[in-house]
**Q** 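Supplied in structure tokens, the structure appears directly below.
Each chain gets a letter, A, B and so on, in the order the sequences are listed, and its residues count up from 1.
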Number of protein chains: 2
Amino acid sequence: MARSSVTPETKKPSARDRLLAASDELFYNEGIHTVGIDRVIEKAGVAKGSLYCIFGGKDQLIETYLFNRHQAWMEVVQRGMDAADDPRAKILAVFDELGTLFAAPDFRGCAFVNATAEALPGSPEDLAAGKFRGWIHELFFSLAVAAGAVSPRVLADQLVVLYDGANTTAQMDKTAAPAVVAKGMVRMVLDSSSYVS
Amino acid sequence: MARSSVTPETKKPSARDRLLAASDELFYNEGIHTVGIDRVIEKAGVAKGSLYCIFGGKDQLIETYLFNRHQAWMEVVQRGMDAADDPRAKILAVFDELGTLFAAPDFRGCAFVNATAEALPGSPEDLAAGKFRGWIHELFFSLAVAAGAVSPRVLADQLVVLYDGANTTAQMDKTAAPAVVAKGMVRMVLDSSSYVS
DNA sequence: ACGGCTTTGGACAGATCTGTTCGATATCAC
DNA sequence: GTGATATCGAACAGATCTGTCCAAAGCCGT
């Protein structure tokens, strides 16, 4: 998944990349606190010493894991929005991307919501989640502005709730349907909010 | 909070109840895997032997913790709905209760969503979350039917997404506002869905 | 007051966790 | 090849975790 450094596509990935791939899968699937370092290095096929040489500790590994998740998801969303022309279509495209995300067999909810569930305030997980939330809010606010909504703040808040709702419902009920349900409500709030253009 | 057995209100609570009060606070605030048994028994002021005599192990303590959370929340919602007369008002009442929940200083999201974040499939947490989800869906579906919606299934699905969205957004952004935002969208979907009566 | 039950405190076992250390080995640039 | 660097393997330390055990002390109904 999320490659951190620019590694040539040839040969076997570096220890760092194998570590990141393994921690991504394990942390996401089973939870950050649930998974020990030993599980990660075993899956990555990397010596424990290398992990502490490369990352310095579990905390930094977690940080990088969340950073890469953030980065990868931003890129997916960006690509989805690029394929749409007008702001309204871009907003809907975000929820389309959510739909394909939910349909992935290993979907287990938003990594940041899950990390927050087992994070103490001020922990690396909490800080990463804060950055992610900032991005989400900026994304929907700028889209709401671009869409020419009379109250972009209101529209953005609604979109955030629908985004989070789709995510959580899909995770808890193990179905991709909430993406469609949320998209319907997105159309509703878009229609209810008056446009300038 | 959630008292499990019928204990007289006099004197100091039983070891079992102190254990449940402590685990409720610790598990909810810091996560289930994050908190060890020692923390729980220390906060409860109970010997470790008592815990294993009363509950048999951490798993059963977790089960009871989640069971009581489910029970307590059901009662709050029920009381809120009882104070409303028509189905539409009952639906809105659920989101009002969410609002006061979010405003509580120790709100940290839905206990079942958080538990699922660190739970493996088939674990006690996962099973408890499944029961909770069943209740949520039944609740909104029966309310949708009672409200005379043309497609109660559709309305119920929308309400579930709005419920989950309000919860998650409030948790992640540490604000009670999503209850109001969601309530606005609830009115929207209620108005869009045609009524028989 | 007595007997049954709960609870206590603390020691103990075994597993697992993070993190450290270090000599041996693989890899790669030159 | 040679040297620098990355990585390995494995043992080790110290903390923490769940769970067990048991004799002593407290509590409660009768």
**Q** Measure from CZ on Arg39(B) to P on dA15(D) and round the result to the nearest Å.
**A**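 It is 18 Å, rounded to the nearest whole Å.
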**Q** Is it the case that over 12 heavy atoms from other parts of the model lie below 6.0 angstrom from the CD atom of Glu42(B)?
**A** no
**Q** Among dC8(D), dT7(D), dG19(C), which nucleotide has an atom closest to any side-chain atom of Lys58(A)?
**A** dG19(C)
**Q** Can you tell me if Ser50(A) touches the phosphate of dC8(D), counting only side-chain N or O atoms and a distance under 4.0 Å to OP1 or OP2?
**A**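 Result: yes.
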**Q** Round to a whole Å and report the spacing from CZ of Phe55(A) to P of dT20(C).
**A**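 Atom-to-atom, Phe55(A) to dT20(C), this comes out as 16 Å.
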**Q** How long is the line joining CG of Leu26(B) and P of dT16(D), in whole Å?
**A**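 So the two atoms are 16 Å apart, to the nearest Å.
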**Q** Nearest whole Å is fine: how far is dG19(C) C1' from Leu51(A) CG?
**A**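 Answer to the nearest Å: 10 Å.
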**Q** Asp38(A) or Ala47(B): which one's nearest nucleotide on DNA chain C is closer to the 5' end?
**A**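 Residue closer to the 5' terminus by nearest nucleotide: Ala47(B).
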**Q** Taking only Lys NZ, Arg NE, NH1 and NH2, and the carboxylate oxygens of Asp or Glu, determine whether Arg79(A) and Glu97(A) approach each other closer than 4.0 Å.
**A** no
**Q** Does dC8(D) have OP1 or OP2 sitting under 4.0 Å from an N or O in the side chain of Arg18(A)?
**A** yes
**Q** Any donor-acceptor pair under 3.5 Å linking the side chain of Ser14(B) with the backbone of Asp17(B)?
**A** yes
**Q** Please evaluate residues Asp157(B) and His137(B) with respect to the criterion side chain to side chain donor-acceptor pair (under 3.5 Å), reporting the C-alpha separation (whole Å), side-chain torsions for both, the decisive distance (0.1 Å), and the verdict.
**A** CA-CA 8 Å; Asp157(B) 286 348; His137(B) 280 277; 4.5 Å; no
**Q** Does any donor atom in the side chain of Asn114(A) or Glu118(B) lie under 3.5 Å from an acceptor atom in the other side chain?
**A** no
**Q** Send over the distance from His33(A) NE2 to dT18(D) P, rounded to a whole Å.
**A**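 Spelled out: NE2 on His33(A) to P on dT18(D) is 13 Å.
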**Q** Answer yes or no for Arg69(B) and Tyr28(B): cation-pi contact, defined as NZ/CZ to six-membered ring centre under 6.0 Å and angle to ring axis within 45°.
**A**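 The answer is yes; both the distance and angle limits are met.
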**Q** Heavy atoms only, 4.0 Å cut-off, all strands: where does Gly36(A) land among base, sugar-phosphate and nothing?
**A**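 Here Gly36(A) touches the backbone only, sparing every base.
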**Q** Establish, with yes or no, whether the OP1 or OP2 oxygen of dG19(D) is under 4.0 angstrom from a side-chain nitrogen or oxygen of Tyr52(B).
**A**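 The answer is yes; a side-chain N or O of Tyr52(B) sits under 4.0 Å from OP1 or OP2.
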**Q** With each end axis built from five pairs of C1' atoms, what bend angle do you get for the helix from dA1(C)-dT30(D) to dC30(C)-dG1(D)? Round to 10°.
**A** 30°
**Q** Would you say the side chain of Lys48(A) and the base of dG19(C) hold a donor-acceptor pair, judged only by whether the two atoms sit under 3.5 Å apart?
**A** yes
**Q** Figure out the CG/C1' separation between Leu61(B) and dC17(D), and round it to whole Å.
**A** 15 Å
**Q** Expressed as a whole number of angstroms, how long is the span from Ile41(B):CD1 to dT8(C):P?
**A**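 So the CD1-P distance, Ile41(B) to dT8(C), works out to 10 Å.
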**Q** Picking from dC8(D), dT18(C), dT18(D), which would you name as closest to the side chain of Ile37(B)?
**A**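 Nucleotide nearest to Ile37(B)'s side chain: dT18(D).
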**Q** Rounded to whole angstrom units, what separation is found between the CD1 atom of Ile54(A) and the C1' atom of dA6(D)?
**A** 8 Å
**Q** Looking at Phe141(B), I'd like to know if its CZ atom is crowded, meaning that more than 12 non-hydrogen atoms belonging to other residues, nucleotides or ligands lie closer than 6.0 Å.
**A**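 Enclosed: over 12 neighbouring heavy atoms sit under 6.0 Å from CZ of Phe141(B).
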